[in-house]
There are 2 protein chains.
Amino acid sequence: MSRERPALTPLTPRATDIVSAARALVEDEGREALTMRVLAGRLGIRAPSLYKHFPDKAALEAALIERSLAELGEVLHAALAEPEPVAAVLRRYRESAVASPNMYRLATAGPLARERLAPGLEDWSGEPFFLATGDPYRAQALWSFAHGMVILEIDGRFPGGSDLDRTWAEGARAFS
Amino acid sequence: MSRERPALTPLTPRATDIVSAARALVEDEGREALTMRVLAGRLGIRAPSLYKHFPDKAALEAALIERSLAELGEVLHAALAEPEPVAAVLRRYRESAVASPNMYRLATAGPLARERLAPGLEDWSGEPFFLATGDPYRAQALWSFAHGMVILEIDGRFPGGSDLDRTWAEGARAFS
DNA sequence: AGCATAGGCTAACGCCGTTAGCCTCGCAAG
DNA sequence: CTTGCGAGGCTAACGGCGTTAGCCTATGCT
């Protein structure tokens, strides 16, 4: 039974603008390009003004991560309705990550300031792995495989010319 | 057949000291604690003096990463001699990563400046996955699973109270 | 009319990686 | 013995980072 998506931390209209601009910046130029001065510049204001809307940069990033997890969760929950849910979840996971690699990295790489995120959101976004496999251990193992594949692909860790479709297929087979 | 380990980029004696101190610093306090000023302080010198030994911080990090990959490779190659090589490689991989989480993250997370590393070293350190499975696609999938497990564990991404031993066992079973 | 609040601003602080330029020591060659 | 030179330190400084303090102005409510 798929619970409803937890509510995101509410934002004022101006804060929503800022998050949108931040997201565009990260997607365009990577997470390390997200600086308070550059972001402010894209909005036609100065860096200190951003602090009228977010207490610090980490809070802004948390808002970005929430939106990223929420969208990924939506996609994965929808995938459960497809035939062969395990394969569908894997395929959608990869598609989403590769479509927005910089946001994927921001949301999933490095230590997570979990207390900054809407409660339950992280669990909800990973829930489709459990719903597809029906077992918590298989679900975690499958998620680890998917995350490993995606982050290694995004980070360019696989040797050039690797046939990643085949590697994904091999993983899907192992977990079926 | 396991090739010999590629030679690491050679270092002067003083540079070796610096790399050792940098490694201790990263292991003690995490990768973001590695700053040129703090590192120099641990060595009793000033930050600009470090540039007599390394052209920039990335070169120093590359030396750290080389050493990390070399040690991981040694451990994994040794694991091939154990009974049940696939399980042994997974077990040693996890042990090594968890024993030095900050170095593991430094070496494996984020985009890799491959051109700064000793040629062949990265492939050599991952070779045991191929030697254990006998198939390049299974090897990549298994490596992805192992990396995903380890990095999610290190980054504290699994829900509290997860029985990771069981998840590892589930993954090992899937790939056997 | 008066006033609070939202949302801008500049100046500045301490950190970061990095560069320029200087000095001093030890060693090797003439 | 002296001279020169490279190795390996140093200080001062630059531009960029996140962040804070303090100020100003316009909007809209009482």
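Each chain gets a letter, A, B and so on, in the order its sequence line appears, and its residues count up from 1.
Within the structure, ring pair (Phe, Tyr, Trp, His ring centres under 6.0 Å) pairs that include any residue of residues 14-46 of chain B do not occur (at least two apart or interchain). Sorted by first and then second residue, the pairs that involve residues 5-19 of chain A and meet side-chain hydrogen bond (donor to acceptor under 3.5 Å, both in side chains), not counting sequence neighbours, are A:Arg5-A:Glu74, A:Thr9-A:Glu66.
In terms of position along DNA chain C, the nucleotide closest to A:Arg14 lies nearer the 5' end than the nucleotide closest to the other residue of the pair B:Pro55 and A:Arg14.
Taking atom CG on B:Leu50 and atom P on C:dC16, their separation rounds to 13 Å, with Å as the unit. Atom CZ of B:Phe54 is separated from atom C1' of C:dT18 by 16 Å (rounded to the nearest Å). As rounded to whole Å, 16 Å separates atom P of D:dA26 from atom NZ of A:Lys52.
Judged by distance alone, the side chain of B:His147 and the main-chain N or O of A:Met149 form no donor-acceptor pair under 3.5 Å. At distances below 3.5 Å, at least one donor-acceptor pair connects side-chain atoms of A:Arg67 with backbone N or O atoms of A:Ala63. Using a distance-only test at 3.5 Å, with no hydrogens or angles considered, a donor-acceptor pair links the side chain of A:Arg138 to the main chain of A:Phe175.
When each of D:dC10, D:dT20, D:dG9 is scored by its nearest atom to the side-chain atoms of B:Pro48, the top-ranked nucleotide is D:dC10. Checking D:dG18, D:dG9, C:dG8 against every side-chain atom of A:Tyr51, the shortest atom distance belongs to D:dG18.
For residues 56-68 of chain B, proximity to DNA chain C is found at B:Asp56, B:Lys57, defined as any non-hydrogen atom under 4.0 angstrom from a strand atom. Interface residues of residues 16-37 of chain B facing DNA chain C, ordered by number: B:Leu34, B:Thr35, B:Met36, B:Arg37; criterion, heavy-atom separation under 4.0 Å.
Taking side-chain N and O atoms only, B:His53 has no distance below 4.0 Å to OP1 or OP2 of D:dA7. Note on B:Arg46: every side-chain N or O is 4.0 Å or more away from OP1 and OP2 of D:dG9. Residue A:Ser49 places no side-chain N or O under 4.0 Å from the OP1 or OP2 atom of C:dG7.
A side-chain contact (heavy atoms from CB on, under 4.5 Å) with B:Leu39 is found for exactly one of B:Val26, B:Ile45, B:Leu34, namely B:Leu34.
Partners of A:Phe130 under the ring-ring contact (aromatic ring centres under 6.0 Å, His included) rule, at least two apart in sequence or in another chain, do not exist in this structure. With sequence neighbours excluded, the residues that form a ring-ring contact (aromatic ring centres under 6.0 Å, His included) with B:Tyr93 are B:Tyr104, B:Phe129.
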For the pair A:Glu71 and A:Ser96, evaluate side chain to side chain donor-acceptor pair (under 3.5 Å) and give the outcome as yes or no after the intermediate values. CA-CA 9 Å; A:Glu71 284 177 27; A:Ser96 297; over 6 Å; no
